[in-house]
Amino acid sequence: MRNKSDPTAVKPGSGAAAAARAVPFYDAEELAHQYETLTGQQEGMLKERRALMHDLQVAEDEARAFRDKAVELVKDRQLEAARLMQGAAEFAQRHPVKASARHGR
C-alpha cells in the first residue's frame, strides 16, 4: 500500500526503474566525502560549544564577583550610615536643642 504523504513512495506496479529514481544513489566515495564533511563539521561545532561553555563560565564567575562586590559595598554603606546615625544621636544628647530653637522661635 502506498503512503500518500511520502513523495518518494513508489506506486505499485512501477517497477525497479521507478524505485531507483525514488532513492538517491551515493557511491562509496561520495559517502566517504559526506562522512568526512559531517565529521569535520561536528568537530567544529564541538570546539565552538566548548568555547561557548568556557565563555559562559567566565561570565558567570564575573557576575558572581560583581554581585559579591555589590553586597560588600552595600554592607559598608550600611555600616557607615549606622555610624553616622550613632554619631548624630550622641551629638544630639550632648547638645540638646531648646524647644524654641526647634520651632524657629
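FYI, side chains are in, hydrogens and waters are out, and symmetry mates aren't considered; it's all heavy atoms of this structure.
Annotation: the span from Leu79 atom CG to Lys75 atom NZ amounts to 9.0 Å, rounded to 0.5 Å. In this structure, the separation between CG on Leu38 and CG on Leu31 is 10.5 Å, given to the nearest 0.5 Å. Distance check: Lys69 NZ to Glu62 CD gives 15.5 Å after rounding to the nearest 0.5 Å. Annotation: the span from Arg77 atom CZ to Leu84 atom CG amounts to 11.0 Å, rounded to 0.5 Å.
The neighbour count for Glu60 CD, taken as heavy atoms of other residues, nucleotides or ligands under 6.0 Å away, is above 12.
With a 4.5 Å cut-off on side-chain heavy atoms, Gln78 and Val74 count as touching.
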Name each donor-acceptor pair under 3.5 Å that joins a side chain in residues 43-59 to protein atoms two or more places apart or in another chain, with its distance.
residue: Gln57; atom: NE2; partner: Asp61; partner atom: OD1; Å: 3.1

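With sequence neighbours excluded, no residue forms a ring pair (Phe, Tyr, Trp, His ring centres under 6.0 Å) with Tyr35.
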